[in-house]
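These notes are about the structure you will find just below.
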Amino acid sequence: MTYSGEVTVGGPADVHELTDLMITKIAVGPMDNNAYLLRCRATGEQLLIDAANDADTLLGTIGDDGIASVVTTHRHGDHWQALAAVVTATGARTYAGREDADGIPVPTDVPVDEGDMIQVGRVQLTARHLVGHTPGSIALVYDDPHGHPHVFTGDCLFPGGPGRTTRREDFESLMSGLEAKVFALPDETWVYPGHGNDTTLGSERPHLPEWRARGW
């Protein structure tokens, strides 16, 4: 089956099969949050990005192999509603951006800074710290050695623009961070956002001046 990245709450997951990594995307909760289960194909180790809601659904997706780690992309409550239950059930290590950790009610085992590496089996993810949507939002970049990069952006980048900000200076900070740290990647880079459908940087790049001009 060809991966589309189109999922709905209560519907099936969609699986993106890469050479070294399997990415399972599922939608959960009343705000249609995306959660992503990453599985290293060499070792079977798994990592969850955003235990957003519906712990039973997430644990069913994780399966009997469990997870070694769970990364919370940022501190907004819709991205961690199931975190406590998932950690209790799996014993997973918790990761979050250092500046957002105190806003997440489950202790963060590993605070994450710009450029930090997070392992899932033999696969490495690189953290990009993006300030604006929240002070400690992180995106995770998988630079696939067999193809193009993949980036998990949380609520910092969606099809059609950056994530919500409340002050002009937050918007400017987020846009500058995206341009320097995310849009530095090639057009083929696949984007997995915190809500909604996937996109590519090539699809979004032509609109950067438009986003700057409109201010959101």
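Not measured: the values here are computed from a predicted model.
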Passing candidate, side-chain contact (heavy atoms from CB on, under 4.5 Å) with Y142, options V151, D20, L38, T126: D20
Step-by-step side chain to side chain donor-acceptor pair (under 3.5 Å) determination, D78 to N33: CA-CA 7 Å; D78 58 309; N33 286 75; 3.0 Å; yes
Any H79 side-chain heavy atom under 4.5 Å of D155 side chain: yes
Heavy-atom pair with the smallest gap, counting every atom of Q119 and E45: O-OE2, 3.9 Å
Test log, rule side-chain contact (heavy atoms from CB on, under 4.5 Å), inputs N53 and V9: CA-CA 11 Å; N53 210 303; V9 175; over 6 Å; no
Side chains of V71 and I118 in contact at under 4.5 Å (non-hydrogen atoms): yes
Parallel, tilted or perpendicular: rings of W211 and H207 (30°, 60°): parallel
Closest non-hydrogen atom pair between S137 and H74, with its separation: OG-CB, 3.4 Å
Mutual orientation of the aromatic rings belonging to Y3 and Y192 [parallel < 30°, tilted 30-60°, perpendicular > 60°]: tilted
Spacing of I138 atom CD1 and L130 atom CG [to the nearest 0.5 Å]: 9.5 Å
L83 vs T72 side-chain heavy atoms within contact, under 4.5 Å: yes
Exam field: side chain T90 to backbone V86, donor-acceptor pair closer than 3.5 Å: yes
Verdict with reasoning, D170 to S173, per side-chain contact (heavy atoms from CB on, under 4.5 Å): CA-CA 5 Å; D170 291 334; S173 174; 5.6 Å; no
Parallel, tilted or perpendicular, as decided by the 30° and 60° cut-offs, for the rings of H150 and H16: perpendicular
Sidechain N-carboxylate O distance under 4.0 Å for D113, R98: yes
Short side-chain to backbone donor-acceptor contact, K25 and Y36, under 3.5 Å: no
Euclidean distance, F158 CZ relative to D198 CG, rounded to 0.5 Å: 12.0 Å
Atom pair CZ (R39) and CD1 (I62), whose distance is rounded to the nearest 0.5 Å: 11.5 Å
Straight-line distance of T165 OG1 to M175 CE, nearest 0.5 Å: 10.0 Å
Residue pair H129 / D116, side-chain donor-acceptor N/O under 3.5 Å: no
E204 CD to L178 CG distance, which is reported to the nearest 0.5 Å: 11.0 Å
Where A42 and R122 come nearest, the two heavy atoms and their spacing: CB-NH1, 3.7 Å
L140-V123 co-clustered via ILVMFWY side chain contacts under 4.5 Å: yes
Evaluation steps, side chain to side chain donor-acceptor pair (under 3.5 Å), between T200 and S203: CA-CA 5 Å; T200 65; S203 296; 3.0 Å; yes
R41 side chain to L18 backbone, donor-acceptor under 3.5 Å: yes
Rounded distance (nearest 0.5 Å) linking atom CG of L201 with atom NE2 of H148: 10.5 Å
Which atom of L58 lies closest to which atom of A82, heavy atoms considered: CD1-CB, 4.0 Å
pair I49-T73: side-chain heavy atoms closer than 4.5 Å: yes
Flag, side chain of Q46 to backbone of G66, donor-acceptor distance under 3.5 Å: yes
Heavy-atom pair with the smallest gap, counting every atom of R205 and P209: O-CD, 4.3 Å
hydrophobic_cluster_shared for L174 and V141, side chain cutoff 4.5 Å: yes
Shared hydrophobic cluster for L185 and L125 (ILVMFWY, side-chain gaps under 4.5 Å): no
Non-hydrogen side-chain atoms of D14 and T24 separated by less than 4.5 Å: no
Closest non-hydrogen atom pair between P193 and P159, with its separation: CG-CD, 4.3 Å
Salt-bridge contact R212-E172 (side-chain N to carboxylate O under 4.0 Å): yes
Same apolar cluster (I L V M F W Y, side chains within < 4.5 Å links), M31/V28: no
Candidate pair T134 and H76, rule side-chain contact (heavy atoms from CB on, under 4.5 Å), full reasoning: CA-CA 8 Å; T134 66; H76 287 160; 3.4 Å; yes
Stepwise side-chain contact (heavy atoms from CB on, under 4.5 Å) test for T166 and F171: CA-CA 8 Å; T166 55; F171 169 77; over 6 Å; no
Residue M22 excluded, over 12 heavy atoms near CE under 6.0 Å: yes
Expected output: side-chain W80 to main-chain A51 donor-acceptor under 3.5 Å: no
T108 side-chain N/O to V110 backbone N/O, donor-acceptor pair under 3.5 Å: no
Any side-chain heavy-atom pair of C156 and P162 under 4.5 Å: no
By side chain to side chain contact (heavy atoms under 4.5 Å, CB included) - contacts of S69 (at least two apart): L47, R93, Y95
Sub-4.5 Å side-chain heavy-atom contact between N34 and D50: no
Same cluster (ILVMFWY, side-chain, under 4.5 Å), I67 and I23: no
Name of the residue among I26, D54, L48 meeting side-chain contact (heavy atoms from CB on, under 4.5 Å) with T61: I26
V131 and E99, any side-chain heavy atoms less than 4.5 Å apart: no
Side chain T88, main chain A84, donor-acceptor under 3.5 Å: yes
